2 protein chains.
Amino acid sequence: MAEPSGEQLLYLTDEQLRQGIEAMFFAYRGFTADPDRILQDQSYGRAHHRAVHFINCAPGTTVNNLLNILGVTKQSLNRVLRTLIADGLVESRVGRSDKRERHLYLTEEGKALEAQLSDAQRARMRSAYRKVGPEAVAGFRQVLEAMMDSDMRRNYQTLRETKS
Amino acid sequence: MAEPSGEQLLYLTDEQLRQGIEAMFFAYRGFTADPDRILQDQSYGRAHHRAVHFINCAPGTTVNNLLNILGVTKQSLNRVLRTLIADGLVESRVGRSDKRERHLYLTEEGKALEAQLSDAQRARMRSAYRKVGPEAVAGFRQVLEAMMDSDMRRNYQTLRETKS
DNA sequence: CTTGGAATGTCAACAAGGCTGACATAGTGT
DNA sequence: ACACTATGTCAGCCTTGTTGACATTCCAAG
């Protein structure tokens, strides 16, 4: 074998990549496990969690905007929103300037659920972050960002800007 | 505000954790996008991909073993296996010592599909890894490992040992 | 040896949450 | 007036998770 170079670098071998793939699979399971557990008793699922999360992040967002972020069809999102609105967790207000648009807000009850789910998920991530330290976290974030589709990266960065 | 300390460290703030959560969400979408695209034409989905992946990793594994790794019910896995076996991608052999067990192997056709899916997923990960360099990759892996459930970490490490 | 329980795997039926397609309604803008 | 946009809804399909019921096989205690 020649000196390591190009594709031969240790961290780019097929075996290393395979391990990364499996780590991603198992870690994502852990990542969603706590909110899933909380929601399983209620008639909600992961889809509701995602909707509530992003409405909380960007209060007043429109349905269309949420659609782009979540990457599902409007029929699919609508099913989820309908139940959330019916149960009084989300409020849908007709737009002032453009009355076709619906702006979405969490009610107090909605915020409470969001906080409950968010706390659980953050607790796990905080524990992981604390175990490995800031340099590892920086690397983690860099890899995740590089792994996104470019249009999703745009959404992600928009969300970062509006809140940080 | 006092000096940053304890929970006050920059990388442990709620806002940083929230960004990490969203990065994980978007990155996982990218992570599965390529195999999903390849499979959507066929009558297979992500569940088939996962089964094929782990059978490829551990040829001769039993159904029960696969169950533990994948974390789904045996009925759910069975449906996937049934179609894979019917289509000649997976072979199921009755155990010699214990005839209750079924040992699973990929056929040549199964290996071909696995390679196709795996290549696509590795390509994305390789590109991300190359962009950010080995130190970031090391941090990425550390965080993922810290984020797994402990029982899943055991599975993950077992898989690493048997193959590396 | 037999018999009961544990382990393993299969089949059936149901629910969540994706998807497409078609269509209604209402508001915007030319 | 007319085309286009944003949203909501209905119907129906697919994948993939769930539980319940059941068959087969193994093993160990009586």
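We use all heavy atoms of the structure for the numbers below, so side chains are in, but hydrogens, waters and symmetry mates are not. Only a predicted model underlies this, so the values are computations on that prediction, with no experimental measurement involved. So that the names make sense, note that chain A is the first sequence line, chain B the second, and so on, each numbered from 1.
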A.B. asks: Can you find a pair of side-chain heavy atoms, one from A:N56 and one from A:H53, that are under 4.5 Å apart?
C.D. replies: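 A side-chain contact is absent here, since even the closest heavy-atom pair is not under 4.5 Å.
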A.B. asks: Are any of the side-chain heavy atoms of B:Y129 and A:L9 separated by less than 4.5 Å?
C.D. replies: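 Result no, sub-4.5 Å side-chain heavy-atom pair not found.
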A.B. asks: A:H48 or B:I85: which one's nearest nucleotide on DNA chain C is closer to the 5' end?
C.D. replies: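 Mapping each residue to its closest nucleotide by heavy atoms, the 5'-most match is B:I85.
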A.B. asks: Any idea which heavy atoms bring A:V143 and B:A136 closest together, and the distance?
C.D. replies: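 That closest heavy-atom pairing would be CG2-O, 4.0 Å.
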A.B. asks: Looking at every heavy atom in both B:H103 and B:T62, which two are closest together, and how far apart are they?
C.D. replies: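 Heavy atoms only, the tightest pair is CE1-CG2, 3.7 Å.
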A.B. asks: If every non-hydrogen atom of A:G20 is compared with every non-hydrogen atom of B:L144, which pair is closest and at what distance?
C.D. replies: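 Of all heavy-atom pairs spanning A:G20 and B:L144, the closest is O-CD1, 4.4 Å.
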A.B. asks: Do the side chains of B:E22 and B:R18 get close enough for a salt bridge, i.e. N-O under 4.0 angstrom?
C.D. replies: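 Salt bridge present between B:E22 and B:R18.
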A.B. asks: Check the orientation of A:Y28 and B:Y28. Use parallel for under 30°, tilted for 30 to 60°, and perpendicular for over 60°.
C.D. replies: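 Correct class here is parallel.
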A.B. asks: Donor-acceptor pair, A:T107 side chain versus A:L89 backbone, under 3.5 Å?
C.D. replies: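 Present.
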A.B. asks: Once you round it to whole Å, what is the distance between P of D:dT7 and CG of A:L77?
C.D. replies: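 Spelled out: CG on A:L77 to P on D:dT7 is 10 Å.
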A.B. asks: Please name the pair of heavy atoms, one in B:T61 and one in B:N65, separated by the smallest distance, quoted to 0.1 Å.
C.D. replies: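 So the two residues come closest at OG1-ND2, 3.0 Å.
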A.B. asks: Indicate whether OP1 or OP2 belonging to D:dT16 is found under 4.0 Å from a side-chain N or O atom of A:R46.
C.D. replies: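 Answer no for this pair, as no side-chain N or O of A:R46 is under 4.0 Å from OP1 or OP2.
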A.B. asks: What do you reckon, are the aromatic ring centroids of B:Y11 and A:F140 less than 6.0 Å apart?
C.D. replies: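 When the ring centroids of B:Y11 and A:F140 are compared, they turn out to be at least 6.0 Å apart.
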A.B. asks: Listed in order of residue number, which residues of residues 88-104 of chain A have a non-hydrogen atom at under 4.0 Å from DNA chain D?
C.D. replies: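 The answer is A:R100, A:E101, A:R102.
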A.B. asks: Which residues in residues 28-43 of chain A have at least one heavy atom lying under 4.0 Å from any atom of DNA chain C?
C.D. replies: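 Nothing qualifies; none.
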A.B. asks: Below 4.0 angstrom from OP1 or OP2 of D:dT5, is there any side-chain N or O of A:N64?
C.D. replies: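 No, because none of the side-chain N or O atoms of A:N64 sits under 4.0 Å from OP1 or OP2 of D:dT5.
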A.B. asks: May I ask you to decide if A:F31's main-chain N or O and A:Q121's side chain share a donor-acceptor pair within less than 3.5 Å?
C.D. replies: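 Yes, A:Q121 side chain to A:F31 backbone: donor-acceptor pair under 3.5 Å.
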A.B. asks: So among A:V80, A:I85, A:T83, which one has a side-chain contact (heavy atoms from CB on, under 4.5 Å) with A:V90?
C.D. replies: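 Looking at A:V80, A:I85, A:T83, the match for A:V90 under the side-chain contact (heavy atoms from CB on, under 4.5 Å) is A:I85.
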A.B. asks: Based on the rotation axes of five pairs at each end, what angle does the helix from C:dC1-D:dG30 to C:dT30-D:dA1 bend through, to 10°?
C.D. replies: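 For the helix from C:dC1-D:dG30 to C:dT30-D:dA1, the axes at either end differ by 10°.
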A.B. asks: B:E101 side chain to B:V63 main-chain N or O, any donor-acceptor pair under 3.5 Å?
C.D. replies: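 Absent.
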A.B. asks: Indicate, with a heavy-atom threshold strictly under 4.0 Å, whether B:R79 touches base, sugar-phosphate, or nothing.
C.D. replies: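 Base, at least one base heavy atom under 4.0 Å.
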A.B. asks: At a cut-off of 3.5 Å, list every protein nitrogen or oxygen paired with a nitrogen or oxygen from nucleotides 20-23 of chain D, distance to 0.1 Å.
C.D. replies:
from: D:dG20; atom 1: O6; to: B:Q75; atom 2: NE2; distance (Å): 2.7

A.B. asks: Check this for me, if you would: do B:K111 and B:E114 make a salt bridge, where the nitrogen-to-carboxylate-oxygen distance has to be below 4.0 angstrom?
C.D. replies: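 No.
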A.B. asks: Tell me, which pairs form a salt bridge (charged side-chain N to carboxylate O under 4.0 Å, His left out) where one or both residues lie in residues 149-159 of chain B, sequence neighbours left out?
C.D. replies: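 For residues 149-159 of chain B, and leaving out neighbouring residues, the salt bridge (charged side-chain N to carboxylate O under 4.0 Å, His left out) pairs sorted by first residue read A:R124-B:D149.
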A.B. asks: Where does the chain A footprint on DNA chain C start and end, counting 5' to 3' with a 4.0 Å heavy-atom cut-off?
C.D. replies: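 Reading along DNA chain C, I get C:dG17 to C:dT28.
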